[in-house]
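Just below is one structure, and these are the notes that go with it.
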Amino acid sequence: MSTTVPAKRLAKALASHNIFAEREGNILRVQSTVQADVRAEILLPESLPLEAKAVSQLLAFAGMRHPLGGHVCRACATPDFHPGAPVPVGSILVTNHDFVVPESIGRDINCGMRLHVIDVPLERFLAHKERLVALLKGDLLEAARNVPTTPAAMTALFADGLGAFWRAMRNTREGLFEKIDFAQVEAETARLFSASHVKGNPACAPEALQDTRRGLLRDPGLATLGAGNHFCEFQHVAQILDRHRAFELGVRPGQLALMVHTGSRDVGSYIGTRWMDRAKAEWPAGVKHPESGLYGLCGPLAAEYLTAMHAAAHYADANRALIVELVRQRIRQVFGDQSMPLVCDVPHNIVLSEAGGNVHRKGATPAHAGQPLLIPGSMGDDSYLLDGLGHERWASSASHGAGRAVSRTEMAWKSKHDGPAGAQRPFECITLREERRIEEAPGAYKPIGPVITSQVEEGLARPIARFSPLLTFKA
């Protein structure tokens with residue numbers, strides 16, 4: 001079982017872990033009593049639980065150094081903070097520009113969220129839901145999708161991003177691409193987050209996807225959700241909180257919404273694993289290895305990693321966009337012509353070179369001033385569209401969700417001994433794996449209310465609209 005304790009008792013619980021903690025309002029300051037210069041801040045309301053393991057992981061993250069000059073400038077965490085493997089989720093690390101930590105985002109590079117709105121009345125959606133679910137179950141869960149690509153298109157994607165991919169696929173009118181509106185998807189791509197337009201290095205991506213001896217190929221990972229907390233969810237606009245900004249983004253009362261959460265799948269695993277291994281292999285000979293097991297890269301190697309990372313990040317952009325296109329074509333099949341426009345697409349597992357240094361966000365989303373972002377709850381709780389406010393103390397970041405309160409292992413135990421999990425909050429989950437309903441049930445997550453409220457009060461973000469879940473697809 002976990003060592004989760006209420007935040008108000010956290011200082012006492014951490015003392016045995018050589019960690020000093022003090023609270024000021026919703027902010028918890030933590031510091032190693034062994035290394036006085038290793039410290040971090042956590043935005044955490046007293047009502048939310050926290051595991052001692054996560055705090056220990058955060059301080060290990062904050063204490064990273066490199067013999068060639070790499071150092072940490074700042075470490076902090078958002079209210080969805082919880083243990084990771086080995087870096088805690090919801091953590092933000094800022095390093096100098098010549099230093100990166102591949103382990104900070106691991107293998108699920110550019111895991112992120114994408115939001116579209118749908119102009120179908122709720123009553124009509126519910127009346128045709130069964131037909132839509134049957135179609136999407138095949139596409140999203142049963143590998144019935146037909147998403148061909150070409151080696152040239154994949155190389156273009158890895159190098160120059162999603163826009164180059166669409167251009168390379170324009171003459172491949174087969175499968176999904178037979179009915180795609182290229183003008184629409186290219187216009188939507190132009191509005192993606194700035195990191196989506198940074199050059200990547202295709203030489204670091206899997207060769208099998210770029211083998212020019214092949215004709216059409218069907219990548220088994222592309223246009224797939226993946227496991228864990230990834231999802232494709234239909235929602236309805238429950239409340240508009242900023243009318244002017246919602247209008248600018250195309251969000252109106254009475255609409256439905258589609259939120260997709262997934263990342264770079266096998267490509268991210270391929271690139272992430274190799275660079276984590278390389279960071280360890282490149283550790284200077286004769287220098288003691290870090291006890292944390294976390295290794296960084298300095299100088300030219302840091303720059304090389306970032307170009308490799310962006311190749312995987314571009315793949316994640318394509319993955320989310322193609323899942324949306326699968327859904328959009330099914331929506332049109334069931335409900336007629338629907339544009340289903342993009343509202344925003346934001347990463348939350350990425351390293352970005354920003355003004356203050358290299359900002360490593362592990363399960364945290366960029367929240368620069370005026371930038372839209374998404375904070376989902378569980379599949380039984382509301383999700384929010386917000387604008388970032390560029391808070392420097394939190395490295396212009398916000399949480400990427402509510403955050404786990406109970407581990408997957410514990411949820412399985414609770415379901416076995418205490419009956420169905422998450423029954424206190426109704427939800428509809430479409431899945432082929434019963435364990436997903438148990439592991440990802442609403443009871444596994446923190447309530448979204450205090451997670452949002454604390455960040456609004458601290459000035460990290462401003463809410464624009466609230467969405468309530470209708471049904472969720474999980475692989």
Could you please spell out the steps behind the salt bridge (charged side-chain N to carboxylate O under 4.0 Å, His left out) verdict for Lys474 and Glu435? CA-CA 10 Å; Lys474 279 189 172 286; Glu435 63 267 27; over 6 Å; no
Inset, instruction - Please assess Asp219 against Tyr315 for the test side chain to side chain donor-acceptor pair (under 3.5 Å), listing each intermediate value before the final yes or no. - result: CA-CA 11 Å; Asp219 175 4; Tyr315 184 93; 2.4 Å; yes
Practice prompt. Begin from the C-alpha positions of Lys446 and Asp80 and carry the test salt bridge (charged side-chain N to carboxylate O under 4.0 Å, His left out) through to its verdict.
Written response: CA-CA 8 Å; Lys446 300 174 187 178; Asp80 58 346; over 6 Å; no
For the pair Gln235 and Ser468, evaluate side chain to side chain donor-acceptor pair (under 3.5 Å) and give the outcome as yes or no after the intermediate values. CA-CA 5 Å; Gln235 307 165 342; Ser468 292; over 6 Å; no
Side chain to side chain donor-acceptor pair (under 3.5 Å) for Thr224 and Arg265? Distances and angles first, verdict last.
CA-CA 8 Å; Thr224 63; Arg265 307 291 284 117; 2.8 Å; yes
Between Arg436 and Asn229, is a side chain to side chain donor-acceptor pair (under 3.5 Å) present by the stated rule, with each step listed?
CA-CA 9 Å; Arg436 292 287 178 264; Asn229 63 349; over 6 Å; no
(message) Glu188 vs Arg328, test: salt bridge (charged side-chain N to carboxylate O under 4.0 Å, His left out). Steps then yes/no.
(response) CA-CA 14 Å; Glu188 290 174 346; Arg328 180 151 44 196; 3.0 Å; yes
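Residues Arg361 and Ser397 have side chains that bring a donor and an acceptor to within less than 3.5 angstrom of each other. Between the side chains of Ser32 and Arg39, no donor-acceptor pair is found at a separation under 3.5 Å. Between the side chains of Asp317 and Ser196, a donor-acceptor pair is found at a separation under 3.5 Å. Side-chain atoms of Trp394 and Thr78 form no donor-acceptor pair, as typed in the model, at a separation below 3.5 Å. Side-chain contact of Arg107 with Asn349: a donor-acceptor pair under 3.5 Å is absent, judged by distance alone. For Tyr295 and His66, the side-chain atoms include no donor-acceptor pair closer than 3.5 Å. Between the side chains of Ser353 and Asn358, a donor-acceptor pair is found at a separation under 3.5 Å. There is no side-chain donor-acceptor pair under 3.5 Å between Glu440 and Ser378. Side-chain contact annotation: His197 with Asp160, donor-acceptor N/O pair under 3.5 Å absent.
When the shell of 6.0 Å around CZ of Arg462 is examined, it contains 12 or fewer heavy atoms from other residues, nucleotides or ligands. The number of heavy atoms from other shown groups lying within 6.0 Å of CD (Glu291) does not exceed 12. Summarising the local packing, CZ of Arg433 is surrounded by 12 or fewer heavy atoms from other residues, nucleotides or ligands at distances under 6.0 Å.
Using a 4.5 Å heavy-atom threshold, the side chains of Pro151 and Thr155 count as separate. The side-chain heavy atoms of Lys362 and Pro88, taken from C-beta on, include no pair separated by under 4.5 Å. Here the side chains of Val359 and Ile92 are in contact, with some heavy-atom distance below 4.5 Å. Contact annotation: the side chain of Pro376 approaches that of Met259 to within less than 4.5 Å [non-hydrogen atoms, C-beta and beyond]. Using a 4.5 Å cut-off on side-chain heavy atoms (C-beta onward), Leu216 and Thr149 make no contact. Between Ile19 and Gln31 there is no side-chain heavy-atom pair separated by less than 4.5 Å. A heavy-atom distance below 4.5 Å is not found between the side chains of Phe467 and Phe234. Side-chain contact between Val100 and His360 is present, with heavy atoms from C-beta onward closer than 4.5 Å.
Distance check: Leu374 CG to Leu386 CG gives 8.0 Å after rounding to the nearest 0.5 Å. If you take CZ on Phe99 and CG on Leu297, they are separated by 8.0 Å, rounding to the nearest 0.5 Å. In this structure, SG on Cys76 lies 10.0 Å from CD1 on Ile27, to the nearest 0.5 angstrom. Rounded to the nearest 0.5 Å, atoms OG (Ser292) and CZ (Arg65) are 11.0 Å apart. In this structure, NE2 on His391 lies 9.0 Å from CG on Leu43, to the nearest 0.5 angstrom. Within the model, atoms CG of Leu460 and CG of Asp387 stand 13.0 Å from one another, a figure rounded to the nearest 0.5 Å.
Two rings, from His310 and Phe158, have their centers 6.0 Å or more apart. Checked against the 6.0 Å centroid criterion, the rings of His261 and Phe231 qualify as a close aromatic pair.
Under a 3.5 Å cut-off, the side chain of Thr365 and the backbone N or O of Pro347 do form a donor-acceptor pair. The main-chain N or O of Val346 is never found under 3.5 Å from a side-chain atom of His348 such that the two would form a donor-acceptor pair. The closest donor-acceptor contact from the side chain of Thr33 to the backbone of Asn18 lies under 3.5 Å. A distance-only check finds no donor-acceptor pair linking the side chain of Arg278 to the backbone of Leu301 [under 3.5 Å].
With Phe165 as the aromatic partner, Arg167 does not meet the cation-pi criteria of under 6.0 angstrom to the ring centre and within 45 degrees of the ring axis. In this structure, Arg404 satisfies the cation-pi test against Tyr445, with its NZ or CZ atom closer than 6.0 Å to the six-membered ring centre and inside 45 degrees of the ring normal.
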